[in-house]
*Asks:* 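Sharing a structure with you now.
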Amino acid sequence: MNSQVQEIAAHCDQLPERYIQKEDEEHGNVTNNNASSPAKIPVIDLSLLTSSHLELDKLKTASTSWGCFQAINHGIEGSFLDKVREVSRLFFDLSAEEKKCLSEENDVEGYGNDMVFSDDQILDWTDRLYLTAFPKDQQRLKFWPKNPTNFKEVVDDYISKIELINHVILKAVARSLNLEENCFLDQYGTASSKMVARFNYYPPCPWPDKVVGLKPHTDGSAFTFVLQDKEVEGLQVLKDGKWFGVPIVPDALMINVGEQIEIMSNGIFKSPVHRAMVNTKNQRISLAVFCMPQTIKDIGPVDGLITDVTPRLYKNVTFSTDFFFQNNQQGKRRLDVCKI
Ligand SMILES: O=C(O)CCC(=O)C(=O)O
Ligand SMILES: [Fe+2]
């Protein structure tokens, strides 16, 4: 196993070559830590989505222009979100030895860092814990921390709450396009869907403008729910060629449109390119929960959105594990592979 970034950060006085980012031609200056403007990422009140057309319209605009929004009044207590943050932090506070017990060579699940596909790959300044969290019978318990002792109880509880919100959002985005409210949910498949939790740990870095915490990417999910660090910012979203920092909105959940909803909506909703930056002083922890449709059948643009004026833009596709990682590995963007 590679050294964990946490250990490198604690012990080294020179940045290892493999973490030094090169200019990114596609997404502009990779290591410009100062996002160009304070973001106006829309804030959506989920409690209004069934009663207010205005809020539903805001959701539609957010998902078509930004591809993301901060959800408030989502039904999860702020004190519970703090608990989720706390068990995440307590896990990363454990000794290196204790955490390494939760990793296995060549397994994406468990504790580790940036997945290495090639010798010349530039690595992200992050360590992570990656767990299949739902359905429960697919959880691989050997990768779940025993410490803190309430880790699993809290995470299981959080995941079941996110599952409910995910359904609310899937229905609401359908209604926002005047479609039958289950059209995305039916493709998503309630019984056989999957949720993957990725706990991201970004140690402080003495050379923040030479590295990125998480390189620019789009999420392969239907939707992703990101619980942000409560004090330290770092997430940025690319819009109209500019990077926008995502501000901390207390108790909000940052929700990203994933590639699969971009496909199901025939490109109306956008899966945003985003990245995470690091800083010299403070560690940052985030928890991303990826809600993934069933992989037993393919997904594709919903019928109601394909017309003579808006022809089908994407093929049907199954987001199998191979499809997911292989394209990444070959440097191909998954969404491009799916385009007609
Ligand atoms: O750290 C963050 O805020 C973003 C995490 C993220 O984008 C991911 O895990 O895919
Ligand atoms: Fe992401």
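What you see is a predicted model, and the numbers here were worked out from it, not measured in a lab. Counting convention: from 1, in listed order, for ligands and their atoms alike.
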*Asks:* Ignoring hydrogens and geometry, is there a side-chain-to-backbone donor-acceptor pair from Asp127 to Gln6 under 3.5 Å?
*Replies:*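 Checked: pair present.
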*Asks:* Assess whether side-chain hydrogen bond (donor to acceptor under 3.5 Å, both in side chains) is satisfied between Gln4 and Lys99, documenting all intermediate values.
*Replies:* CA-CA 10 Å; Gln4 292 303 125; Lys99 283 178 291 197; over 6 Å; no
*Asks:* Students should be able to answer this: which protein heavy-atom is nearest to atom 5 (C) of ligand 1, and at what distance?
*Replies:*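 Scanning the protein heavy atoms, the shortest distance from atom 5 (C) of ligand 1 goes to Asn200 ND2, 3.5 Å.
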*Asks:* State the atoms of ligand 1, each with its element, that fall below the 4.0 Å cut-off from a heavy-atom position in Tyr202.
*Replies:*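 Counting atoms of ligand 1 from 1, those under 4.0 Å from Tyr202 are 1 (O), 2 (C), 5 (C).
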*Asks:* For Asn147 and Glu98, does a side-chain donor sit closer than 3.5 Å to a side-chain acceptor?
*Replies:*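 A donor-acceptor contact under 3.5 Å links the two side chains.
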*Asks:* Please identify which atoms of ligand 1 are closer than 4.0 Å to at least one heavy atom of Ala288.
*Replies:*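 Numbered from 1, ligand 1 contributes 8 (C), 9 (O).
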*Asks:* Against heavy atoms of His274, which atoms of ligand 1 measure under 4.0 Å?
*Replies:*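 Answer, ordered by atom number: 7 (O).
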*Asks:* Counting non-hydrogen protein atoms only, what is the nearest one to atom 8 (C) of ligand 1? Give residue, atom name and distance.
*Replies:*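 Checking every protein heavy atom, the shortest distance to atom 8 (C) of ligand 1 gives Arg198 NH2, 3.3 Å.
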*Asks:* Rounded to the nearest 10 degrees, what's the angle NE2 of His274 makes with NE2 of His217 at the Fe ion (ligand 2)? Could you check?
*Replies:*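 About 90° at the Fe ion (ligand 2).
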*Asks:* Considering non-hydrogen atoms of the protein only, which is the closest contact for atom 6 (C) of ligand 1, and what is the distance?
*Replies:*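 Among all protein heavy atoms, the one nearest atom 6 (C) of ligand 1 is Leu214 CD2, 3.3 Å.
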*Asks:* Are any of the side-chain nitrogens in Lys60 or Asp57 under 4.0 Å away from the carboxylate oxygens of its partner?
*Replies:*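 Salt bridge: no.
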*Asks:* Is any side-chain heavy atom of Lys83 closer than 4.5 Å to a side-chain heavy atom of Tyr158?
*Replies:*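 No. Closest side-chain heavy atoms not under 4.5 Å.
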*Asks:* Closest non-hydrogen protein atom to atom 2 (C) of ligand 1, residue and atom name please, with distance?
*Replies:*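 The protein heavy atom lying closest is Ser286 OG, 3.3 Å.
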*Asks:* How close does the nearest protein non-hydrogen atom get to atom 3 (O) of ligand 1, and which residue and atom is it?
*Replies:*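 Of every protein heavy atom, Arg284 NH2, 2.7 Å lies nearest to atom 3 (O) of ligand 1.
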*Asks:* Quick one, Tyr201 and Asn113 - any side-chain contact, counting heavy atoms below 4.5 Å?
*Replies:*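 When only atoms from C-beta onward are counted, Asn113 and Tyr201 do not touch, as no gap falls below 4.5 Å.
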*Asks:* Take every heavy atom of Met254, measure it against each atom of ligand 1, and state whether any distance is under 4.0 Å.
*Replies:*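 In this structure, Met254 fails to qualify as a contact of ligand 1 - no heavy atom is under 4.0 Å.
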*Asks:* Write out the residue and atom name of the closest protein heavy atom to atom 4 (C) of ligand 1, then the distance separating them to 0.1 Å.
*Replies:*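 Heavy-atom neighbour on the protein nearest atom 4 (C) of ligand 1: Leu235 CD1, 3.7 Å.
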